[in-house]
Amino acid sequence: MGQSGEEAIALKIIIIGMIVIFLLSLSVIIFFILYQRRLLAQQKKHQKIESDYQKELLKTSIISQEEERSRIAKELHDDVGAMLTTTKLYFGQITPQLPAKELENITKKATGFLNDMIQSVRTISQDLRPVVLEKLGLIEAINSLTQMINESGNIKINFRNNLTQTIVKSKELDIYRIIQELITNTIKHAKATTIGIELKNENEALVIIYEDNGKGIDQEQLSHKKGLGLKNIESRLSVLSGSIHFLEKSKGMKVKIVCP
């Protein structure tokens, strides 16, 4: 009887142990399922955020391209188109009976308009793809850009090239446009008197340090509402798989751009 009672107790312990193990196993399975669902929900949320961000960058890129096209079309129409029309009028005055003196004056004026047209076309072409960048590379293009702005006398740019590695040719235009956009933003909005630009390498990556002594950027506004200029920069950085980081500065703005 005693042995039978011990066996019954042992059986109960085994049953209880099995029930506990079953419940623990069930708990682990439920926890795993819930964790997987939560992880999947987070992934979907992040994918949606990333998708929305990429759509915003694409939208910004399209807007930027359309604005650039509109600007070029306006310059062609207003400048080149007007000069072509005027030159045509001058050429229309040329007849076999025209006195030599008047013919000479008309020729001089028409030649002057043609020279102006050539200069306008060159300027538009320079905006589309800088000749210096195409022929001499990124560093000389930045030097040319900063020298031109320094000669205006309104703002002083200090450019330092500390690169130890060459830049891939296909990336030069995007990097040039990013720097150009930063300078344009400073000139338009920052009310700065000095700009510092440094190019260097860190761990096989290209790093751009850009700073000015202007009024700076409102961090709260930066996180909620970005201007077209910053969106253009982010759009180009997405092509380069790069990133932009806003650094703390007592006065003005300082950013670090990293391109792998």
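All figures in this text were calculated on a predicted structure; none of them were measured in a lab. Hydrogens, waters and symmetry mates are skipped; everything else that's a heavy atom, side chains included, is used.
Remark: side-chain polar atoms of Asn213 are not paired, donor with acceptor, to backbone N or O of Gly252 under 3.5 angstrom. Here the side chain of Ser241 pairs no donor or acceptor atom with the backbone of Leu237 at under 3.5 angstrom. Of the possible polar contacts, one joining the Asn201 side chain to the Gln165 backbone as a donor-acceptor pair under 3.5 Å is found. Tyr210 contributes a side-chain N or O that, together with a main-chain N or O of Leu182, makes up a donor-acceptor pair within less than 3.5 Å. A distance-only check finds a donor-acceptor pair linking the side chain of Lys249 to the backbone of Asp212 [under 3.5 Å]. Judged by distance alone, the side chain of Ser144 and the main-chain N or O of Glu140 form no donor-acceptor pair under 3.5 Å.
More than 12 non-hydrogen atoms from other residues, nucleotides or ligands lie less than 6.0 angstrom from CG of Asn162.
Using a 4.5 Å cut-off on side-chain heavy atoms (C-beta onward), Thr193 and Lys156 make no contact. Asp174 has its side chain out of reach of Lys171: every pair of non-hydrogen atoms, C-beta onward, lies at least 4.5 Å apart. Contact of the Asn105 side chain with the Thr107 side chain is not registered, since no non-hydrogen atoms from C-beta on lie closer than 4.5 Å. The shortest side-chain heavy-atom distance between Asn158 and Thr146 does not fall under the 4.5 Å cut-off. At least one side-chain heavy atom of Ile178 sits under 4.5 Å from a side-chain heavy atom of Ile257.
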Walk me through it: do Val258 and His245 pass the test side chain to side chain contact (heavy atoms under 4.5 Å, CB included)?
-> CA-CA 8 Å; Val258 181; His245 312 274; 4.3 Å; yes
Tell me, with the steps shown, if Ile183 and Ile149 meet side chain to side chain contact (heavy atoms under 4.5 Å, CB included).
-> CA-CA 10 Å; Ile183 293 173; Ile149 295 172; 3.5 Å; yes
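A continuous path of Ile, Leu, Val, Met, Phe, Trp and Tyr side chains, each step under 4.5 Å between heavy atoms, connects Ile197 with Leu163, placing both in one hydrophobic cluster. One hydrophobic cluster, built from ILVMFWY side chains closer than 4.5 Å, holds both Phe246 and Ile208. In terms of hydrophobic clustering, with Ile, Leu, Val, Met, Phe, Trp and Tyr side chains grouped at heavy-atom distances under 4.5 Å, Ile139 and Leu206 are assigned to a common cluster. Val255 and Ile209 are assigned to two separate hydrophobic clusters, defined by single-linkage of ILVMFWY side chains at heavy-atom distances under 4.5 Å.
Here the straight-line distance linking atom CD1 of Ile233 with atom OG of Ser238 works out to 12.5 Å at 0.5 Å rounding. Atom-to-atom distance recorded for Leu145:CG and Ile179:CD1 is 8.5 Å, nearest 0.5 angstrom. Distance check, rounded to the nearest 0.5 Å: CD1 of Ile175 to CD1 of Ile167 gives 4.5 Å. The structure places CG of Asn143 at 5.5 Å from CZ of Phe159, a figure rounded to the nearest 0.5 Å. The CD1 atom of Ile157 lies 11.0 Å from the CD atom of Gln147; values are rounded to the nearest 0.5 Å. Distance CE/Met253 to CD1/Ile195: 8.0 Å, rounded to 0.5 Å.
Here the shortest heavy-atom pairing between Pro260 and Gly242 reads CD-CA, 4.0 Å. Contact record, Ile155 with Ala192: CD1-O, 3.6 Å, taken as the closest heavy-atom pair.
Remark: Glu181 does not engage Arg177 in a salt bridge, criterion side-chain N to carboxylate O under 4.0 Å. Using a 4.0 Å cut-off between charged side-chain N and carboxylate O, Glu202 and Lys256 make a salt bridge.
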